[in-house]
Participant: 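Below you'll find the structure I mean.
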Number of protein chains: 2
Amino acid sequence: METTDNDKRKCPNHLSTGECTKQLLPVKDALDILSGKWKLQIILSLTFGKKRFKQIQREITGLTPKMLSKELKELEINELASRKVYDTSPVTVEYELTTYGKTLKPLIMELHKWGTKHRKRIIARGGRD
Amino acid sequence: METTDNDKRKCPNHLSTGECTKQLLPVKDALDILSGKWKLQIILSLTFGKKRFKQIQREITGLTPKMLSKELKELEINELASRKVYDTSPVTVEYELTTYGKTLKPLIMELHKWGTKHRKRIIARGGRD
DNA sequence: TATACTGCTTTCCTAGAGTATACCGATATC
DNA sequence: GATATCGGTATACTCTAGGAAAGCAGTATA
């Protein structure tokens with residue numbers, strides 16, 4: 001399936017089609033976990049420290065409890081965030097990035113950096129589209 | 001709407017709710033453009049050099065012409081990629097990252113780096129879930 | 001008694017993301 | 001004439017991300 005005639009013909013920079021496809025695999029894996037409208041925003045919110053459910057919801061505009069709950073579950077399953085329940089009065093739940101979740105920081109920071117420049121750009125042109 | 005009682009109460013690390021929300025804005029903007037299953041994969045593919053339609057499709061497994069066409073249009077609209085048509089025999093079309101599109105490289109590289117580590121992790125546990 | 005807060009869950013719904021398949025005109029190859 | 005390649009478009013369909021709204025148990029406040 002690799003190094004066929006098809007394979008070597010077009011990709012510049014010494015990369016065959018098959019090699020390019022290989023380069024894409026990790027990106028695909030990352031995207032599987034991180035894609036969607038909310039996940040990276042939630043993770044960014046948690047990089048500032050542990051947070052409660054309502055607090056996260058308050059910070060992220062437009063985020064409904066249903067989505068937040070769903071996304072937090074997925075983050076837990078993928079071991080990016082942890083959930084701690086405290087047996088207090090109306091129950092307190094805290095979410096926090098795991099050690100593994102914290103490895104996403106450089107990525108998030110790049111996203112934030114790029115987003116900041118991009119935001120300036122679209123504002124300079126008077127809004128988007 | 002900001003600096004109310006609500007505002008200062010819970011966010012640790014000296015960030016009020018409103019400040020956290022502000023930090024999230026650029027990330028939201030970036031996500032608006034980059035989210036989805038294919039866009040970042042296409043951009044990564046183009047960081048290796050200019051490519052033709054079919055070549056991109058060949059590299060990215062599972063990508064249908066309809067989606068590719070749609071995503072490329074959106075990348076064009078957002079000035080991340082450019083499209084050049086050559087008046088050859090059955091017509092040649094080449095896609096390339098714009099200068100602006102190239103500013104995404106560090107982000108893509110972080111994604112690739114994280115994805116690589118993540119991939120090892122999930123493979124080590126024998127698949128995901 | 002009524003209202004409001006917390007941390008959710010549940011139900012219902014829709015827009016649009018994504019898939020599958022076929023087709024187009026041109027040109028070239030067999 | 002049959003087939004293939006290139007850069008798509010058309011049609012039709014599935015599926016799920018995401019939104020709106022209500023509810024629930026427990027506490028508190030009035």
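Since the model is a prediction, treat every value here as computed from it, not as a measurement. Chain letters run A, B, ... following the sequence lines, proteins first, then strands; residues in each count from 1.
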Participant: For the residue pair B/Arg52 and B/Tyr95, would you count it as a cation-pi contact if the rule is NZ or CZ under 6.0 angstrom from the ring centre and within 45 degrees of the ring axis?
Facilitator: no
Participant: For D/dG7 and B/Arg52 - does any side-chain N or O of the residue sit under 4.0 Å from the phosphate oxygens OP1/OP2?
Facilitator: yes
Participant: Which one of B/Ile108, B/Leu104, B/Leu111, B/Asn78 satisfies the side chain to side chain contact (heavy atoms under 4.5 Å, CB included) criterion with B/Leu34?
Facilitator: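 So the option named by the test is B/Leu104.
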Participant: Heavy atoms from C-beta onward define the side chain here; which of D/dG7, C/dT9, D/dG8 lies closest to that of A/Ser69?
Facilitator: C/dT9
Participant: Working note: B/Gln55 + B/Glu59, criterion side-chain hydrogen bond (donor to acceptor under 3.5 Å, both in side chains); need CA distance, chi angles, decisive distance, verdict.
Facilitator: CA-CA 6 Å; B/Gln55 180 59 18; B/Glu59 281 166 23; 2.9 Å; yes
Participant: Working to the nearest 0.5 angstrom, can you tell me the gap between A/Lys66 NZ and A/Leu68 CG?
Facilitator: 12.5 Å
Participant: What does the B/S/- profile of nucleotides 13-30 of chain C look like, 5' to 3', with a 4.0 Å heavy-atom cutoff to protein?
Facilitator: ----SBBB-----BS---
Participant: Can you tell which of B/Lys120, B/Arg119, B/His118 makes a side chain to side chain donor-acceptor pair (under 3.5 Å) with A/Asp29?
Facilitator: B/Arg119
Participant: I need the CG-C1' distance between B/Leu72 and D/dT9, as an integer number of Å.
Facilitator: 14 Å
Participant: Could you state the atom-to-atom distance from CD of A/Glu94 to P of C/dC8 in whole Å?
Facilitator: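 To the nearest whole Å, that distance equals 11 Å.
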Participant: Output the rounded distance in Å from CD (B/Glu76) to P (D/dG7).
Facilitator: 14 Å
Participant: In whole angstrom, what separates B/Arg83's CZ from D/dG8's C1'?
Facilitator: 8 Å
Participant: Please state how far atom CG in A/Leu68 lies from atom P in D/dA17, giving the value in whole angstrom units.
Facilitator: 16 Å
Participant: Would you mind reading off the distance between A/Lys54 atom NZ and D/dG26 atom P, rounded to a whole angstrom?
Facilitator: 18 Å
Participant: How close or far is atom C1' of C/dT9 from atom CD of A/Gln57, stated in whole angstroms?
Facilitator: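 One finds 13 Å between C1' of C/dT9 and CD of A/Gln57, rounded.
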Participant: Nearest 0.5 Å please: distance from the OG1 atom of A/Thr47 over to the NZ atom of A/Lys102.
Facilitator: 10.5 Å
Participant: So, is A/Arg58 close to the C/dT6 phosphate, meaning a side-chain N or O under 4.0 Å from OP1 or OP2?
Facilitator: yes
Participant: Rounded to the Å, how far apart are B/Ile42 CD1 and D/dG7 P?
Facilitator: 14 Å
Participant: Pick base, sugar-phosphate or nothing for A/Tyr95, based on heavy-atom distances below 4.0 Å to the nucleic acid.
Facilitator: sugar-phosphate
Participant: At what distance, to the nearest 0.5 angstrom, does OG of A/Ser69 lie from CD of A/Glu71?
Facilitator: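 One finds 9.5 Å between OG of A/Ser69 and CD of A/Glu71.
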Participant: Ignoring backbone atoms, test whether A/Lys73 places a side-chain nitrogen or oxygen under 4.0 Å from the OP1 or OP2 oxygen of C/dC8.
Facilitator: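 Checking C/dC8 against A/Lys73, no side-chain N or O comes under 4.0 Å of OP1 or OP2.
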